[in-house]
Protein chains: 2
Amino acid sequence: MPATIRDVARASGVHISTVSRTFSAPHLVNSETRLRVLACAENLGYRPNRAARALITGRTHNIGLIVADIANPFFPPLIKAAESQARHRDYHIFVADTNEDPAAEEDLVHALAKQVDGILLCSPRMSNSLIEQLSREVPLVVINRQVTGLPAVVMDVGQGARLAVEHLTGLGHRELALLGGPRGSWTSREIRRAATAAARSADAALTVLGPNPPTEGGGTAMAEQVRRAGATAVLAYNDLMAIGLIEGLDTLGIRVPQEVSVVGIDDIALSRLVRPKLTTVATPTAAAGRTAVDMLLQHDSAAAHRNRGGNRTVAADDRRTTAQVMLQTELVIRDSTGPHRPATLGRNGSAATTTTADPGPHSPADPGNTAAVNPEAVAS
Amino acid sequence: MPATIRDVARASGVHISTVSRTFSAPHLVNSETRLRVLACAENLGYRPNRAARALITGRTHNIGLIVADIANPFFPPLIKAAESQARHRDYHIFVADTNEDPAAEEDLVHALAKQVDGILLCSPRMSNSLIEQLSREVPLVVINRQVTGLPAVVMDVGQGARLAVEHLTGLGHRELALLGGPRGSWTSREIRRAATAAARSADAALTVLGPNPPTEGGGTAMAEQVRRAGATAVLAYNDLMAIGLIEGLDTLGIRVPQEVSVVGIDDIALSRLVRPKLTTVATPTAAAGRTAVDMLLQHDSAAAHRNRGGNRTVAADDRRTTAQVMLQTELVIRDSTGPHRPATLGRNGSAATTTTADPGPHSPADPGNTAAVNPEAVAS
DNA sequence: GTGAAAGCGCTAACAC
DNA sequence: GTGTTAGCGCTTTCAC
């Protein structure tokens, strides 16, 4: 039923190779002929079969995008941007979800390898060495992870974490907590590293809690531990966890930001919608998606000369374009962070803070304190 | 570099067709031979090239999923469910984003047609007749739309809208507004139809405002009009618009639910996270994704006998499995709806509400008024 | 500028 | 049970 190149050839009275050229190398065909062929193709509804074409050219014009969890609000903007960029360049995109399972990542790469020109590996949880090995099977661009020798685009979460910690210590907080992300997350390690360093510089204590699932529930579950740790300010692996934590704290009768300040990371759309609006580190996820596609495709131009029976030096050659891009992050201060207020009532291990909205004056024993501010007034 | 069927054949000393059978019809090959072939394949890292296979079998084992906006929180759970279900059945899934553009939908269907076994058309904005026409090119399953003769899975938003209106009128509201969705949306039409009918049954007035973009901004932008319409209760096309509307009303100094009740549709994750928590109609989006994949694949089993040069009755035959599934919805009552409270101060055309939190008495010219309440007290 | 022929990786009759 | 042969729809030498 669907028209083939042969149908068009017959209809326009030329050989199939001329039809082929009309579509893949138009300049090689007489413009009169070309117009005729195009007309026939048009009214037969002919479209080149890309799979068949790929069989011989070695380029599928498809890209794979592997993410940990499509439903995690961090990913959709990235997926959308990648898809959009890909399509502008006439590529289609396979999306696959690993459910945070490292084994699934590997399977997926294998399964997709043959039908794509490359794969975007988003926040992978598997080991660097495995990634490297897989990259010999199919061109890979890694997002949110640095693996030596492979093209990657990462967000500078280290800088973001530093900014966040400085913001917190600047508000007078000295007992910080960090809610770690999932095991195997490069981002989580970077955050931890930078946050630890920044806390030390500011003479603040930082308790690391985790690893945790990168979800709202993961955050909520840690509320009790945050309280036990006596932290007055918390940096979470991502916004979802931060929001979950705020809910958990609320359940414990601990108010944010009056008693505890909370900072998230990512600046997902949700962050402006919850109350208090979340202070967070904005990561350029859409840009990451676009950039990754561009890198893959540039990379891919080289890979196109697939070595039909050739030696394997080609694979090595491809790597020469390898680059690692680091995207800037920035701190967005909203309403979930505020100045440190030492508890004035008892301080018997568990921070004894009243649940009532009572922003009375406190003993400014901590260094770096700023003037007290009515939390209500800040709700912008 | 990647191993081909021929490499495996050579390594295991059999003909390529035996290798082929080992993978596509294992029972047809001697178990000893099979084991040997499998072993060779294994250590050559051979995997059948699905595109090449598709060329001859006519089945790509790929599915297309076309949505209006990946970043709209309504879609990710659906995409995730569809992807998961597809992969369980050994299918990969192309995801494409139309940016709410009907023309893009058509292009995408054409572009994807050849490399998929079928397409899931999600909340399409194009005309029924075009959809029908496209379905002759590639098997289609439509989600959130009913088009005669085509398999579809829809959410029963009509019932949901009715429930929502009944809830609202039950609370004493008599001046309702409906925030319509995007032009071309079947769902929007269904909601409008059901809401109108339900309002009439309850002797309530319903002002329809729209069409609107199905986004937060779309909702925010309508706050002023809602006020002008004098509505005390609003049903929005989706949660995003409902949330946006609440923000917009807040800016106008109108409190939800004290002065205006708002109901959304979809029950996206966000709805429980905003304050006030959103009353909404829960739609089973994940189930819709799964079901649509199942329908497509069942449908596809028939389509597999692609008519190589055959007549076109096959296409007609495929249609016999056509079914339309309607998924139940349910009203989730949270905190954005409350009893009608007649304004007691002036009513000079535009509902005169002060921006300061000053719930003073008003002249009760409007019908159906109840007592005033301190807005602060309700914010749970 | 166009046609002829070979072949991408694979499956599907059909022999044996 | 396995080998042979013919192609799926297309691109790409190579002649002419």
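These values consider heavy atoms only, across backbone and side chains, with no hydrogens, waters or symmetry-generated copies. Just so it is clear: chains get the letters A, B, ... in the order the sequence lines come, proteins before strands, and each one is counted from 1.
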Starting at CZ of R36(B), measure out to OG of S31(B) and round the result to the nearest 0.5 Å.
-> 11.0 Å
Considering only heavy side-chain atoms of T33(B), the closest of dT11(C), dG1(D), dC10(D) is dG1(D)
One should read off an interatomic distance between F94(A) CZ and T60(A) OG1, to the nearest 0.5 angstrom, of 8.0 Å
What's the CG-P distance between L35(A) and dT2(C), to the nearest Å?
-> 12 Å
Distance, rounded to the nearest Å, where R10(A) contributes CZ and dC10(D) contributes P = 12 Å
If you take all heavy atoms of L108(B) and A96(B), which pair is closest and at what distance?
-> CG-CB, 3.7 Å
Would you mind reading off the distance between R6(B) atom CZ and dG3(D) atom C1', rounded to a whole angstrom?
-> 14 Å
Which pair of heavy atoms, one from D117(A) and one from H61(A), lies closest together, and at what distance?
-> OD2-N, 2.9 Å
Can you tell me how far the CD1 atom of I66(A) sits from the CD atom of E106(A), to the nearest 0.5 Å?
-> 10.5 Å
When you check the gap from the basic side-chain N to the acidic O, do R89(B) and D294(B) get nearer than 4.0 Å?
-> yes
Rounded to whole angstrom units, what separation is found between the CD1 atom of I5(A) and the C1' atom of dT11(D)?
-> 8 Å
Can you list the steps and then say if R125(A) with E105(A) is a salt bridge (charged side-chain N to carboxylate O under 4.0 Å, His left out)?
-> CA-CA 8 Å; R125(A) 306 287 184 240; E105(A) 292 177 355; 5.6 Å; no
Contiguous Watson-Crick or G-U pair runs (3 or more, under 3.5 Å) in DNA chain D | C:1-11 with D:6-16, C:13-16 with D:1-4
Using the closest heavy atom to pick a nucleotide of DNA chain D for each, name whichever of R53(B) or L28(B) lands nearer the 5' end.
-> L28(B)
Give the nucleotide from the list dT2(D), dC10(D), dA12(C) with an atom nearest to the side chain of T57(B).
-> dA12(C)
Checking all strands, does R47(A) fall into the base, sugar-phosphate, or nothing category for heavy-atom contacts under 4.0 angstrom?
-> sugar-phosphate
Between dT11(D) atom P and N49(A) atom CG, what is the distance in whole Å?
-> 9 Å
Go through residues 15-27 of chain B and report each residue with a non-hydrogen atom lying under 4.0 Å from DNA chain D, sorted by number.
-> H15(B), S17(B), T18(B), R21(B)
Measure from NZ on K114(A) to P on dC10(C) and round the result to the nearest Å.
-> 7 Å
Interatomic distance where CD1 belongs to I56(A) and C1' belongs to dA5(C) [whole Å] | 12 Å
Rounding to a whole Å, what distance do you find between H61(B):NE2 and dT11(C):C1'?
-> 13 Å
Quantified in whole Å, what is the C1' atom distance between nucleotide dA6(C) and nucleotide dT5(D)?
-> 16 Å
On DNA chain D, check which nucleotide each of A52(B) and R36(B) is closest to and give me the residue with the more 5' one.
-> R36(B)
Classify the side-chain pair R59(A)/Y91(A) by whether it contains a donor and acceptor separated by less than 3.5 Å.
-> yes
Yes or no on salt bridge (charged side-chain N to carboxylate O under 4.0 Å, His left out) for R50(A) and D90(A), after CA distance, side-chain angles and deciding distance?
-> CA-CA 11 Å; R50(A) 305 179 105 174; D90(A) 197 26; 3.1 Å; yes
